[in-house]
Amino acid sequence: MTAICLVVAGASVGPLALTLRAGSYASLSHVVELKVMAAEEFLSRGRMLAQQVTSRTVIRDKLADFHEGRMTREALADFTRDKLQDSLGLSTELQGIARLDAQNQLVVAVGKAFVWPRGAVPAADSRGPTLSPPEMIDGVPHLVVGAPLFSRSGERIGSDLLLINAQRLLNILRDGQSLGDTGDIAIVGKQQPPRLLIPFGQSPIQPGMSLPEDDPVSRAATAAVTGAPPTIDSTGDPILVSAALPSAEWVMVMRTSAAQATASVDRLVLVVTLSALLLALFGVVGLMLVLRPLTGSMIVHTNDMRQQIEVLERTKAELQERTHQLAQSNTDLEQFAYVASHDLQTPLRNIVGYTQLLERRYKGQMDKDADDFITFIVDNSKQMSRLINDLLEYSRVTSQAKPLLPVSARAAVDMALMHLRTDIEKTAATINVGELPRVIADQTRLVSLFQNLIGNAIKYRSPDRPVKIEVTAAPISPTQWRFSVADNGIGIPAQYHDKIFEIFQRLDPTAKAEGTGIGLTLCRRIVTRFGGSIWVESQPDEGSTFHFTLRDAGSISGDCPPSAG
Ligand code: ADP
């Protein structure tokens, strides 16, 4: 983990440190540039003062008069002294003025007396002010600005030398705010070998001291090119930054210890490194703190999911197994029901037959109990026979399923009515059959369906009114018909509307009407096999309407719907 932190910290801080170091050199360079600009401003102010003094035409004309012999030196000096005295008021930094004639002889001096250095007087061909190196006068640095004087005809007639207090320039150079603890600036004269005009530190300003050529400061001064950005020599310690002053043959050289130059950067880099390390550490720890529970919960989650999937798969497998077993046992049961009911039919028919024979031959010859027993046996045998027939019918729906084909519903109803004709005649039932379509069905089962429903309508008739039954069909979609068998019988309470379709369910098992409770179950099985559904609408004593849907004969697709039901 430590290695990871170090790599992360290194990778993030390395490029940053390089950028910051370059930035810190750039900022040193900016400091020097700003100092150069401030020094330049000071020097140009000195030159401007000189120009202001020399440009006063009245006193310049007097000098011209003297130059051409039209005025005595004394008269010129008297005239000039007052005028120059006025000029001293141009600036507090202007400490003294000396006016020289064309031969560089002093005409008059005002203000602070000073000895001007060699080179302070502008050369004969000089057109503008010249600057002499700073000198200490009364412990204060001073500059002498020399300005040539020209007659109206452009003839050189003398010079003015201005003594300017350069404390402000020194302040500009020494202002440590932007230099840091070890930063320091010197002014070096550009001549070869370079001369130290204003030395580093608080050293007193002495007349320009020559520097050895191989001195780093000499090299820095030589490297500086007027107008170019400061050059930086960071090969040694201290670092040197040098820049030429555009208006003077001076070079500003700043030195600062390498440690100082990059101190803030190093501090920053250290802070950033530590922060990066801490961040990386916290990041890793944080990641671990966050990831561990996350991973943990993911693992738990995954395990849960795996377990759930396993449970689901087990359940599915069990379900499939059970469905398979159920289908098997259904088949077995149906097989059994069919075989049992089929095989039971013959012995049962014998029992019924022989019991009826017994009844016919011996009724009234035995006692009353024996007669009742015989009647009971006959009734139950008949009921058993009906049950077996109905069960057989029920199991035949699937065990002896025939292909579904377009058949006439009307023909099926007519056949059912024919089967029911005895009951119909007996009850004088009125049965109206509407126009019925051809549907997809198995003719035999369709007859059975109508027979059960119409039979029930007769069976569960109301004692209060003649039986009236309507068989109709209406389309509910381009491919579907809804058939309705409506009666005016006793009706069915709402709570039994579903129950009556379950096997062996009879609303009143003790009712007079014979039945097995299989009829409607059979109906549902038949309709389901035909691809439809069946339901009842009924209210007690208001009759019942059994609805079921069947597919139109034109919609046959060849697919047989599931035979379950
Ligand atoms: P069942 O052999 O008893 O007729 P079904 O399955 O045909 O058996 O009918 C179940 C029960 O539904 C019947 O016992 C009867 O109570 C009720 N039922 C069926 N059809 C009608 C009807 N049209 N009117 C009133 N009740 C009916």
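Being a predicted model, the structure only gives us computed values, none of them experimental. Both ligands and their constituent atoms are indexed starting at 1 by order of listing.
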Enquirer: Around atom CD of Glu435, are there more than 12 heavy atoms of other residues, nucleotides or ligands at under 6.0 Å?
Expert: no

Enquirer: Output yes when the distance from some N or O of ligand 1 to some N or O of Gly515 is under 3.5 Å, and no in every other case.
Expert: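 In this structure, Gly515 places no N or O atom under 3.5 Å from an N or O of ligand 1.
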
Enquirer: What are the atoms of ligand 1, with element, lying closer than 4.0 Å to any heavy atom of Gly517?
Expert: 1 (P), 2 (O), 3 (O), 6 (O), 8 (O)

Enquirer: In terms of residue, atom name and distance, what is the protein heavy atom nearest to atom 3 (O) of ligand 1?
Expert: Arg506 NE, 2.4 Å

Enquirer: Run the numbers for me: atoms of ligand 1, each under 4.0 Å from some heavy atom of Gln505, listed by number.
Expert: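 Here the atoms of ligand 1 in question are 10 (C), 11 (C).
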
Enquirer: Just checking, any donor-acceptor pair under 3.5 angstrom between side chains of Ser242 and Thr231?
Expert: yes

Enquirer: Under 4.0 Å, heavy atoms only, figure out whether ligand 1 is touched by the backbone of Asp487, its side chain, both or neither.
Expert: side chain

Enquirer: When you look for heavy atoms under 4.0 Å from ligand 1, do you find them on the side chain of Ile492, its backbone, both, or neither?
Expert: side chain

Enquirer: In terms of side-chain heavy atoms, does Asp552 have a donor or acceptor partner in Thr479 at a distance below 3.5 Å?
Expert: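 Asp552 vs Thr479: no donor-acceptor pair found between side chains.
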
Enquirer: For Asp498, I'd like to know if atom CG has over 12 heavy atoms of other residues, nucleotides or ligands within 6.0 Å.
Expert: no

Enquirer: Answer yes or no: does atom CE of Met37 have more than 12 heavy-atom neighbours from other residues, nucleotides or ligands under 6.0 Å?
Expert: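 12 or below, so no.
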
Enquirer: What is the nearest protein non-hydrogen atom to atom 5 (P) of ligand 1, stated with its residue, atom name and distance?
Expert: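 Its nearest protein heavy-atom neighbour is Leu520 N, 3.6 Å.
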
Enquirer: Provide the number and element of each atom of ligand 1 under 4.0 Å from a heavy atom of Gly519.
Expert: 5 (P), 6 (O), 7 (O)

Enquirer: Could you establish whether Gly489 and ligand 1 come within less than 4.0 Å of each other, counting only heavy atoms on the residue side?
Expert: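 No, Gly489 has no heavy atoms under 4.0 Å from ligand 1.
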
Enquirer: With heavy-atom distances below 4.0 Å as the criterion, list the atoms of ligand 1 near Ile500.
Expert: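 Answer, ordered by atom number: 6 (O), 10 (C), 11 (C), 12 (O).
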
Enquirer: Heavy atom of Phe546 under 4.0 Å from ligand 1?
Expert: yes

Enquirer: Can you list the ligand 1 atoms lying under 4.0 Å from a non-hydrogen atom of Lys459?
Expert: 1 (P), 2 (O), 4 (O)

Enquirer: Just which atoms of ligand 1 are under 4.0 Å from any heavy atom in Leu507?
Expert: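 Once the distances to Leu507 are compared, the set is 14 (O), 16 (O).
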
Enquirer: Quick one, Arg461 and Thr427 - any side-chain contact, counting heavy atoms below 4.5 Å?
Expert: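 In short, these two side chains touch, coming nearer than 4.5 Å.
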
Enquirer: Apply the ring-ring contact (aromatic ring centres under 6.0 Å, His included) test between Phe483 and each candidate in Trp535, Phe548, Phe546; give the one that qualifies.
Expert: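 Output: one option passes, namely Phe548.
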
Enquirer: Calculate, to the nearest 0.5 Å, the distance between atoms CG and NZ belonging to Leu507 and Lys499 respectively.
Expert: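 Reported to 0.5 Å precision, the distance equals 9.5 Å.
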
Enquirer: Consider every N or O of Thr521 and every N or O of ligand 1, then say whether any pair is closer than 3.5 Å.
Expert: no

Enquirer: If you round to the nearest 0.5 Å, how far is NZ of Lys35 from CE of Met254?
Expert: 8.5 Å

Enquirer: When you look at OH of Tyr496, are more than 12 heavy atoms from neighbouring residues, nucleotides or ligands closer to it than 6.0 Å?
Expert: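 Counting other residues, nucleotides and ligands, OH of Tyr496 stays at 12 neighbours or fewer.
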
Enquirer: Where is the nearest protein heavy atom to atom 21 (C) of ligand 1: which residue, which atom, and how far?
Expert: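 For atom 21 (C) of ligand 1, the nearest protein heavy atom comes out as Tyr460 CD1, 3.4 Å.
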
Enquirer: May I ask you to list the atoms of ligand 1 that are less than 4.0 angstrom from any heavy atom of Asn456?
Expert: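 In order of number, 4 (O), 7 (O), 19 (C), 20 (N), 23 (N).
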
